Undergrad: 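To start, I am sharing the structure in question, which I have written as structure tokens.
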There are 2 protein chains.
Amino acid sequence: MSQNIYKHHDHHACIDTAVSRARDLCQEKGVRLTPIRQRVLELVWANHKPVGAYDLLPRLAEEGFNSAPPTVYRALDFLLDLGLVHRITSLNAFIGCTHPGEDHPTCFFVCRQCGQAQELDSAEMSDIARQAEARLGVVVEQQITELLGLCPACKGAA
Amino acid sequence: MSQNIYKHHDHHACIDTAVSRARDLCQEKGVRLTPIRQRVLELVWANHKPVGAYDLLPRLAEEGFNSAPPTVYRALDFLLDLGLVHRITSLNAFIGCTHPGEDHPTCFFVCRQCGQAQELDSAEMSDIARQAEARLGVVVEQQITELLGLCPACKGAA
DNA sequence: GCAGATTAGGTTATAATGTTGCAATTCTAC
DNA sequence: GTAGAATTGCAACATTATAACCTAATCTGC
Ligand SMILES: [Zn+2]
Ligand SMILES: [Zn+2]
Ligand SMILES: [Zn+2]
Ligand SMILES: [Zn+2]
């Protein structure tokens, strides 16, 4: 299941792994992980909360990067295309992918209290797509599911 | 599975049924289906394509209704609360629910070509939620999935 | 019917999110 | 080095959604 973010872990390792995989993937695909792109990826990975495009702007500005909407959207689009980040559409926000490289349906659990998002792999995901194809005669090209609720910590606190 | 919109059907019946159920539901819940709310519901049901809030504004204006964003968003919020419409978050658009009244996870297939959206019921949907709860210790309160691809007609045309 | 409470709607302004178009720069391949 | 491609800078704009504040309609208990 990707990994469990609710367990205590060395988060620097999360970031390092993400950047390292990104480098490899870019190498493999013959595309460039430019400074802006890498920095955006790191900022998206700063924690396990989905981050809005406009949240990134001031942080990039602080560091002397150009900071205008197109800059960050272009970087995000690049990362999305490579599957390095996902978009949580119900939040208009972006989050790092825990297993980039593999083309997969995306499924996230988002805590409505603390905002953290946990990526999930579920075999049933593809069942749903196949079922839709069989029952409706459609072709499914993309699939997203988003679960909203309370994470273990926030559930306990309530 | 709700109904199959790709099969030929009398769409006026879709609209009539939707309005009729809305009336019943409002009656039951002791809330008011005002003219604006009803008209917004009808417009959302005008076809099986998700419709943006701002698409509704000019149509309401034509008919002499007030036409400002808050008006239509208030009506849509009302309909969402009652479960009479769903929001397709990846499109920022709204579509009528085919089985209002029952609280259910929402699942839609959206054709990227013609834009029509088909609501789906799938037992596997709740499996995914239960699985997340079991594996992560979370509480799932809301679940949306959106499938994107080609409908039978658009698939054939391609 | 009427007073007070509740709900719904009107109006204006503004926030939040995302895009287009074009010029300037940087990189890559030859 | 030079041509072509990819990337970035920049300004304006488009789209989606909400805040704040007030007025009007409707309901409720008398
Ligand atoms: Zn981490
Ligand atoms: Zn939480
Ligand atoms: Zn119909
Ligand atoms: Zn279609």
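As the structure is a prediction and not an experimental result, all values here were calculated from the model. Chain letters run A, B, ... following the sequence lines, proteins first, then strands; residues in each count from 1.
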Undergrad: To the nearest Å, give me how far apart NZ (B:Lys29) and P (C:dT7) are.
TA: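 Rounded to the whole Å, the gap is 16 Å.
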Undergrad: Is there a path of hydrophobic side-chain contacts, each under 4.5 Å between heavy atoms, that joins A:Tyr54 and A:Ile95?
TA: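 No, A:Tyr54 and A:Ile95 fall in different hydrophobic clusters.
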Undergrad: With a 6.0 Å cut-off on the ring centroids, do B:Phe108 and B:His86 count as close?
TA: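 B:Phe108 vs B:His86: aromatic centres under 6.0 Å.
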Undergrad: Can you measure B:Leu60 atom CG to C:dG9 atom C1' for me and round it to whole angstrom units?
TA: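 Interatomic distance, CG of B:Leu60 to C1' of C:dG9: 13 Å.
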Undergrad: Salt bridge check: are A:Asp24 and A:Arg21 linked by an N-O gap of less than 4.0 Å?
TA: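 Here A:Asp24 does not pair with A:Arg21 in a salt bridge, since their nearest N and O are not under 4.0 Å apart.
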Undergrad: If every non-hydrogen atom of B:Cys114 is compared with every non-hydrogen atom of B:Cys111, which pair is closest and at what distance?
TA: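 Heavy atoms of B:Cys114 and B:Cys111 come nearest at N-SG, 3.4 Å.
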Undergrad: Within residues 35-49 of chain B, which residues have any heavy atom lying less than 4.0 Å from an atom of DNA chain C?
TA: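 Nucleic-acid contacts, sorted: B:Ile36, B:Arg37.
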Undergrad: When the distance from CG of A:Leu57 to P of D:dA11 is rounded to whole Å, what number comes out?
TA: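 Taking atom P of D:dA11 as the reference, CG of A:Leu57 is at 15 Å.
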Undergrad: Return all side-chain donor-acceptor pairs below 3.5 angstrom for residues 136-151 of chain A, not counting sequence neighbours, or 'none' if the list is empty.
TA:
| from | atom 1 | to | atom 2 | distance (Å) |
| --- | --- | --- | --- | --- |
| A:Glu141 | OE1 | B:Arg112 | NE | 2.6 |
| A:Glu141 | OE2 | B:Arg112 | NE | 3.4 |
| A:Glu141 | OE2 | B:Arg112 | NH2 | 2.8 |
| A:Gln143 | NE2 | A:Met125 | O | 2.8 |
| A:Glu146 | OE1 | A:Ser90 | N | 3.0 |
| A:Glu146 | OE1 | A:Ser90 | OG | 2.4 |
| A:Glu146 | OE2 | A:Thr89 | N | 2.9 |

Undergrad: Under a plain distance cut-off of 3.5 Å, with no hydrogens placed, do B:Arg135 and A:Asn4 share a side-chain donor-acceptor pair?
TA: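 Checked: A:Asn4/B:Arg135 side chains show no N/O donor-acceptor pair below 3.5 Å.
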Undergrad: With heavy-atom distances below 4.5 Å as the criterion, would you say the side chains of A:Leu80 and A:Arg87 are in contact?
TA: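 Result yes, sub-4.5 Å side-chain heavy-atom pair found.
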Undergrad: In whole Å, I'd like the distance from the CG atom of A:Leu79 to the C1' atom of D:dT7.
TA: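 Those two atoms, CG and C1', are 14 Å apart.
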Undergrad: Can B:His48 and B:Gln3 be counted as having a side-chain donor-acceptor contact under 3.5 angstrom?
TA: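 Absent: no donor and acceptor within the cut-off.
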Undergrad: Whole angstroms only, please: what is the CG-C1' distance between A:Leu56 and C:dA16?
TA: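 Interatomic distance, CG of A:Leu56 to C1' of C:dA16: 14 Å.
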Undergrad: Could you measure the distance from the CG atom of B:Leu84 to the CH2 atom of B:Trp45? Nearest 0.5 Å is fine.
TA: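 Separation between the atoms: 10.0 Å.
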Undergrad: In B/S/- notation, 5' to 3', how is nucleotides 14-30 of chain D contacted by protein heavy atoms closer than 4.0 Å?
TA: --BBBB------SS---
Undergrad: At less than 4.0 Å, is any side-chain N or O atom of B:Asn66 found next to OP1 or OP2 of C:dG9? Yes or no.
TA: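 It does not, given that no N or O in the side chain of B:Asn66 lies less than 4.0 Å from OP1 or OP2 of C:dG9.
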Undergrad: May I have the distance from A:Leu76 (atom CG) to C:dT19 (atom P), rounded to whole angstrom?
TA: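 So the CG-P distance, A:Leu76 to C:dT19, works out to 11 Å.
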Undergrad: For D:dC10, take OP1 and OP2 only and decide whether either is under 4.0 Å from a side-chain N or O of A:Thr71.
TA: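 Checking A:Thr71 against D:dC10: no side-chain N or O falls below 4.0 Å of OP1 or OP2.
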